[in-house]
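When reading the values below, keep in mind they use all heavy atoms of this one structure, side chains included, and skip hydrogens, waters and symmetry mates.
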Amino acid sequence: MPKGKRKPCIIIPCLDVEGQHDPNQSQSCETLMPGCDVWRHLMKNKEKLNVTELPTITDTTVLLVHASNHNETIGRINITAKDASEQKVEKLTNVLPLGKPKNFELVAGLSSKLYVYGALWQADRRLVRLISIKVQNYNFRNLLCVLYYSSLKNQAGVYVKPVVKELHTYKSPYTSASVSCPVKQENGNEVPLFVGLVESQTATPKRIFVVENRVRDDSFDVKQADYVIETPKRQVKVDFTVCIPALHGMDNAVQVMEKLEMNRLLGAGRVVLYNNSINATVDALLRMYAKEFAEGRESLEVIVLPWKLPIENEKVISIPYFAQQLAIDDCMYRYKRLSTYMIFNDLDELLIPLRHANWSGLVAERRKLKPQSIGWLFRCTVMNKDRPSPGTGFEEDALRYGSAVLGLTMRDQYVFPPSDRPKLLVDPRDIEEMGVHLIWSGKGTTDNLPVDVGLLFHYRVPINSCTPQIKDTRVVDKFGKRLVPRLKDIWSKMKDVPLKIKPFVTGDKSTCT
């Protein structure tokens with residue numbers, strides 16, 4: 001740090017009682033509260049704080065807002081909860097108020113644009129992984145991570161050289177990327193609290209990011225969903241986590257409901273959705289699931305994370321498929337510690353085991369056959385929405401609930417090859433980079449499932465309206481009787497919300513020869 005420059009108050013700023021920076025305070029704020037005592041205070045009293053999340057991006061003032069929500073005077077922190085939450089938030093911090101969705105954050109002071117979504121602790125490799133968007137093919141020659149630990153009394157930070165990797169994606173102005181900051185062994189087993197980015201050993205980060213996922217079963221994670229209604233249950237490890245990236249313009253709550261309930265029947269304990277844009281009805285449905293889970297009446301954990309892409313010149317930046325690849329990367333590294341297996345697919349897709357009751361049975365048998373497998377690939381076939389054909393005995397329920405599973409039994413005879421449109425169920429422990437349709441990097445093999453063992457059913461408008469069709473009732477036969485009461489139950493909980501059904505309409509095949 002340049003001579004004579006004041007040490008940055010990373011943990012606690014020098015503020016007066018009104019929450020403003022106090023120019024008369026020249027000493028390090030460490031003298032007001034040594035080391036990371038504010039953080040320790042937050043963790044110790046998190047049950048009393050009455051907040052469900054910390055901001056992902058923090059600066060020198062943000063922790064004061066959270067600490068002040070605990071009605072206890074510590075050092076200079078004596079702002080009442082009411083003042084802090086209702087009157088002082090905008091004055092104390094320039095991040096979004098609590099409870100509001102958080103966007104990607106531009107890292108200021110770098111030689112090229114770099115947006116960061118979150119900083120995730122990766123315990124197996126002892127590094128902090130920054131989920132990022134960068135200019136494609138730009139090389140940060142002098143980029144440095146600055147790691148802050150609770151043991152650093154002067155809060156100077158530890159500077160380390162990161163590994164910047166562009167994730168596999170299409171050519172575009174911006175691309176998904178990871179910035180991996182290694183944690184050196186001389187720091188023992190200590191995990192950084194915060195991380196910043198600079199391009200000089202003498203520079204101080206203009207913003208720092210809270211390192212998330214530091215404790216496996218800690219419910220006080222930083223980036224909690226924007227739909228958490230109350231303090232969530234302590235997160236636990238589940239057998240299957242399903243990741244659904246980039247909901248954009250989603251206005252079909254009935255489809256979302258069926259997706260969640262089918263995933264429940266297949267074995268999911270957690271479903272994570274990335275919200276780019278949804279309408280009020282879908283919002284109400286997801287809030288209902290979150291509230292039910294928070295209050296102990298729901299076993300399926302539904303998490304909705306904000307996914308508002310950066311805006312430049314009043315337009316969303318150009319990146320393929322709403323940065324779908326980055327959402328996959330974030331979900332895997334955010335929840336792999338809490339998941340035995342993970343599934344990455346879209347809202348209109350179902351990975352169906354055809355010989356087993358659920359995913360657990362399928363994986364257990366396939367692992368005996370191919371023990372080196374870390375991924376199980378489901379080839380794709382299309383269930384066309386323009387050919388309504390309800391399963392026998394489900395005609396009324398298919399119409400009542402607008403159900404694709406109950407109402408569509410005609411599919412393309414064609415099954416795509418393993419290289420085209422598949423989706424995977426994976427063991428995330430041995431995966432370094434997960435793709436949309438394949439494992440880009442991992443320690444193990446991919447088991448391409450025979451089509452009579454597992455199949456990806458894609459419920460969508462036809463890719464080719466003239467493709468030969470066959471009747472396939474295996475999904476409705478296997479799950480129909482269990483799905484109907486689940487849909488009935490959720491519909492009853494949404495009785496005050498206008499759920500609109502989009503009927504399946506027979507398409508015109510007159511041009512087919």
Apply the test salt bridge (Lys or Arg N to Asp or Glu O under 4.0 Å) to residues Arg337 and Asp124: give CA-CA distance (whole Å), side-chain angles for both, the deciding distance (0.1 Å), then the verdict. CA-CA 10 Å; Arg337 78 199 199 284; Asp124 56 344; over 6 Å; no
Should Asn276 and Met250 count as side-chain neighbours, where that means a heavy-atom distance under 4.5 Å? no
So, the side chain of Glu212 versus the backbone of Leu120: is there a donor-acceptor pair under 3.5 Å, distance only? no
Between Glu298 and Arg264, is the closest basic N to carboxylate O distance under 4.0 Å? yes
Just by distance, do the side chain of Glu166 and the backbone of Asn137 share a donor-acceptor pair under 3.5 Å? yes
Starting at CD of Glu433, measure out to CD1 of Ile328 and round the result to the nearest 0.5 Å. 10.0 Å
Given side chains that start at C-beta, do those of Asn263 and Trp359 come closer than 4.5 Å, heavy atoms only? yes
Quick check: does any side chain N or O of Asp427 sit under 3.5 Å from a backbone N or O of Asp430, one acting as donor and the other as acceptor? no
Are the side chain of His437 and the backbone N or O of Pro422 linked by a donor-acceptor pair below 3.5 Å? yes
Keeping the roles fixed (side chain from Asp489, backbone from Pro485), state whether a donor-acceptor pair exists under 3.5 Å. no
Of all heavy-atom pairs between Tyr174 and Ile319, which one has the smallest distance, and what is that distance? O-CG1, 3.7 Å
Looking only at atom types and distance, does a side-chain atom of Lys259 sit under 3.5 Å from a main-chain N or O of Asp346, one as donor and one as acceptor? yes
What's the verdict on side-chain hydrogen bond (donor to acceptor under 3.5 Å, both in side chains) for His168 and Gln325, showing C-alpha distance, side-chain angles and the deciding distance? CA-CA 8 Å; His168 289 80; Gln325 178 63 64; over 6 Å; no
Partner residues of Val238 under the side chain to side chain contact (heavy atoms under 4.5 Å, CB included) criterion, sequence neighbours left out: Thr241, Arg270
By side-chain hydrogen bond (donor to acceptor under 3.5 Å, both in side chains) - contacts of Tyr138 (at least two apart): Ser111
Would you confirm whether Ser132, through its side chain, and Leu130, through its main-chain N or O, come within 3.5 Å as a donor-acceptor pair? yes
Atom OH of Tyr321: over 12 foreign heavy atoms under 6.0 Å: no
Is there side-chain contact between Thr175 and Val135, with at least one heavy-atom pair below 4.5 Å? no
So which heavy atom on Ala177 is nearest to which on Leu326, and how close? O-CD1, 3.7 Å
Does Arg379 make a cation-pi contact with Phe416, if we ask for NZ or CZ under 6.0 Å from the ring centre and within 45° of the axis? no
On the 0 to 90° scale, with breaks at 30° and 60°, tag the Trp307-Phe104 ring pair as parallel, tilted or perpendicular. perpendicular
Output every pair passing salt bridge (charged side-chain N to carboxylate O under 4.0 Å, His left out) with a member in residues 167-176, not counting sequence neighbours, ordered by first then second residue. none
Nearest heavy-atom contact between Val436 and Lys423 is O-CD, 3.4 Å
Examine distances only and state if a side-chain atom of Glu258 and a backbone atom of Ala404 form a donor-acceptor pair shorter than 3.5 Å. yes
Is there a donor-acceptor pair closer than 3.5 Å between any side-chain N or O of Tyr274 and the backbone N or O of Cys331? yes
Restricting to non-hydrogen atoms, name the atom on Pro182 and the atom on Pro162 that form the minimum distance, rounded to 0.1 Å. CD-CA, 4.2 Å
Passing candidate, ring-ring contact (aromatic ring centres under 6.0 Å, His included) with Phe240, options Trp376, Tyr341, Phe344: Tyr341
With distance as the sole test, does Ser277 use its side chain to make a donor-acceptor pair with the main-chain N or O of Gly249 at under 3.5 Å? yes
Check each of Arg129, Lys443, Lys165 against Glu432 using the salt bridge (charged side-chain N to carboxylate O under 4.0 Å, His left out) test, and report the only one that passes. Arg129
First locate atom CG of Asn252, then atom CG of Leu285, and finally report the distance between them rounded to the nearest 0.5 Å. 10.5 Å
Give me the atom names and distance for the closest heavy-atom approach of Glu349 to Leu456. CB-CD1, 3.5 Å
Please find the pair of heavy atoms, one from Val198 and one from Ser200, that lie closest to each other, and give the distance. CG2-O, 3.4 Å
Asp447 vs Lys370, salt bridge (Lys or Arg N to Asp or Glu O under 4.0 Å): CA-CA, chis, key distance, verdict: CA-CA 7 Å; Asp447 180 6; Lys370 297 183 177 182; 3.4 Å; yes
